[in-house]
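As structure tokens, the structure follows; a few thoughts come after it.
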Amino acid sequence: MALRELVTGNDACTPAEGGAGPSNAMASLADSLLGRSSKVQERLRELPGMAGAAGPSGLQEYAGSSASAAAFAAAEEDAMAVPGAASSSGYTREANGFGAQHGFAGPPSVLGHVPPEFAEFEDIYAQARFGRPPGFAPGRGGPPPPLTGFLHAFLESAKARTAFQPLPMPAVQLSPAEQCRVRDRSTIMARQLFAERGDEFADAQVGQLLLSLNIDPAALPAGAPGADHAAWNAIFRAGGPRIPERAMAADVAAGGRMAAATPPGSGWVDEFGAMSLGGRVPAAGAAWAGEFQGAPGTPAGWAEQFQAEHVPGGAWAEQYAAEERGPGAEWASEFQHAEAAAAEARAGGRADASGDALAQTHALAATLAADKDGKFANSRFLQFVSKMSRGEIVLENNEAKTISATSAQWAREFNESQAAQRDYAAGGTWAEEFAGKGGAGGAWADQFAAGLDGGDWAEQFARDADAEAAQQNGAAAAAARGVEVDVCAAGVYVFAPDNPFVQDTNSFARGRELFRGGLLTEAVLALEAEVQRQPGNVPAWLLLGTIQAENDDDLQAIAAWNRALEAEPGNAEVLLSMGVSYTNELDQGRALGFLRRWLERRLAQGAAHPELLAAARAGPIDSSQRLRHASELFERASAQMPGDADVHVALGVLRSLARDYGGAADAFRTALAARPDDYSLWNKLGATLANSGRSGEAVGAYQRALDLKPNYMRAWANMGISQASLGNYDAAARYYTRALGLNPNAAAVWGYLRSSLTCGDRVDLLAAVADSDLETLQRALPL
Amino acid sequence: MAKPKQSAALFDQLDKAIQGGEGDEVVGKMKGVVVFDIDGEKWTLDLRPGQRKVTKGAPEGKPDLTLTISDDNFVKLVSGKMGPQQAFLMRKLKIGGSMAMALKLQPILDAAAPRAKL
């Protein structure tokens, strides 16, 4: 009794409204056992197959859909007016208390999004109850078909988030035993379905079901612990005011017993681990995962189930156990089966499991990396999981084994193909191709010149075959030809072979998730799968390019953005990003062109600065004036639009193109004042400082970027460059190694690493660099 | 020993740099053909106005300046661990041709250094 009071917070020492908060020792123990901390919840929610959105926990939502429902609502208000008393169960109250303190918007819901598994569940449920009657009701034969209508209506009400509407009673007589089972099973199900609304609502729904089935709960023997007979009885007596009784106490007691039955701490962790590894039976796994997610919201229902398995005793548990012997126990055994499968997968050694395990580890890694706490993102555990998700580590006989040979091979192949690609881009092939497109080279140039400008200009154009010049010469020509030109300029996007996400129909969402989680390499694969399936997906190309840029591969980034521009020529975000990447590639002409096109676009949207827009459209008087023209344009723009952070970013890029690094740093700082959490801006500031010989200051800026995004490969590499120019070759090598761990395909960074090892007198490690042996390097150069 | 030369990547960077915006500064200070002899492998920097490129191999005509240095030392030179004067005095860098041009080497080395990316 005392324990119960302690748990429920009804004892004198705990404030009535805070009894369920973290100050309550028992409650927080239950919290930790059930994993109900907001972070864990968030992670759970991010796992695949757990798409339930956190819905509002509004209890009044269902009111008014029927007269009786309105009566419940009224009754509920009464109940809620009693402080500390049980309008909802102790657990839901606790969850609400937690939410209020931590801004966690109510328990996760399975309602908003009813997974297809429910249909399966429904079938099992119907079968379990009516299909093959277990030993419990041996006398009866086939199912009474009309009952399925009830179940459907019941489930529909769950989906529609409304109160269950009683149906006209069919002429069916159920035996008391069957009535018992209907009651108990629907209680369990209702608590899963209405996790969000609290047990009270679930009980009310069950009451409605019982009423419409003409089952008098009072006439039946005691049911599952925690089920609210009083509510049922009340409803059965045609909607009298409901007086919740011992529901809460029973719930809490059940929870306490469950807590006792669970091995402290490790139990949940094991289960979580099992879940993340054990997707061997995907449908069952997902269903189970859904259940698991539902569980924290309805610990009572789950606890009952759990208790039934672990604590024999009690009428319901006995009944349950009895059923388990019969064929109707599929649902329960499925739960156990999933667990067993998970255990198998965990033990490892199952080849067929590893594929799914890989996908699950992806998700796990993404979830872990998404943690805002940098500690997690930087941890070895995450690195381990991340590696595992890339297939570099496999679990075999409970030992982690690293596969480096294949990945190294893969990296080499990728580098080779990339190098080939670059040669193609760098060589004159492009110019030829371009000329070929427009007809014979000279003829085309003439034609072009005749249509637009003087002959001298055409000669110049023909000489350097600079596509940028075309853009500079009149906005119309640029708009018409620009896209085609740029696509040729940077080459074709190179896809990674053997993409594990090819089969994933949800690869865009997965890619975004992985990106948010900081797993750039995996995110790239997911997005590549997406754009291979849907080449017109501009956001996917855009994000892919962004990630490639963050992975320090500007050429791939440009290639991806070109595809985005193909589909949507005026995308402002792409234009600005292209300007940045061409700046990095030291291609001043194209960088200027994209920045100017970006500004033009930006000005055209607002229509506030017509004279600026005209200047932007007009372009420079000739190509030698491009830089000056663009500089003047952007200086004016930033003066006229001081609040536009993007304009300052573009101005910063432009100034660093003009090698006015001090000015560029000022511009980036201005932009940072408006967007202090933009990690790419911190990196831009750092890079600008570093390129102007202020590497010491740059380190601080990079550190800010890395604090905001720990897996920001470009910032790690830049940090290495700064350390090297400060003479800290050992530190530089460590940063480069870290960067390569994030993107082993960065050929340039391998080169920098070799330089740093040479300068830092670590020639012993050069062989590892030559072999692309990251593992050895990471061991020798931990950060 | 067929160890891949590190200098190749640096010359790639240098090529990009002088063909991009930075070329103006480098070319403004240094007009002529410079040859780097890295462990027997020749790289030609053509910094004459209107040329501006880096090619592997010996130049067609006579270079204005020839710098002979080992791969490792070239890396140290570019990364700033070793200054050109110091390298020359330590006989790690051999200079043939215009000594006046050799004294203006630093901008070339800076252009070949890795660039932080925005």
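Just so we're on the same page: letters track the sequence lines, and every chain starts at 1.
Using a 4.5 Å cut-off between heavy atoms, A/T583 contacts chain B through its side chain alone, with no backbone atom that close. For A/S581, no part lies near chain B; criterion is any non-hydrogen pair under 4.5 Å.
Side-chain N or O atoms of A/D678 include one that pairs as donor or acceptor with a backbone N or O of A/S680 at under 3.5 Å.
Between chain A and the residues B/A9, B/P114, B/G80, the most heavy-atom pairs under 4.5 angstrom are made by B/P114.
If you check the side chains of A/N718 and A/N683, you find a donor sitting under 3.5 Å from an acceptor.
Residues in residues 690-702 of chain A take part in these salt bridge (Lys or Arg N to Asp or Glu O under 4.0 Å) pairs, two or more places apart or across chains: A/R694-A/E697.
Legend: residues meeting side chain to side chain donor-acceptor pair (under 3.5 Å) with A/S631, ordered by chain and number and at least two apart, are absent.
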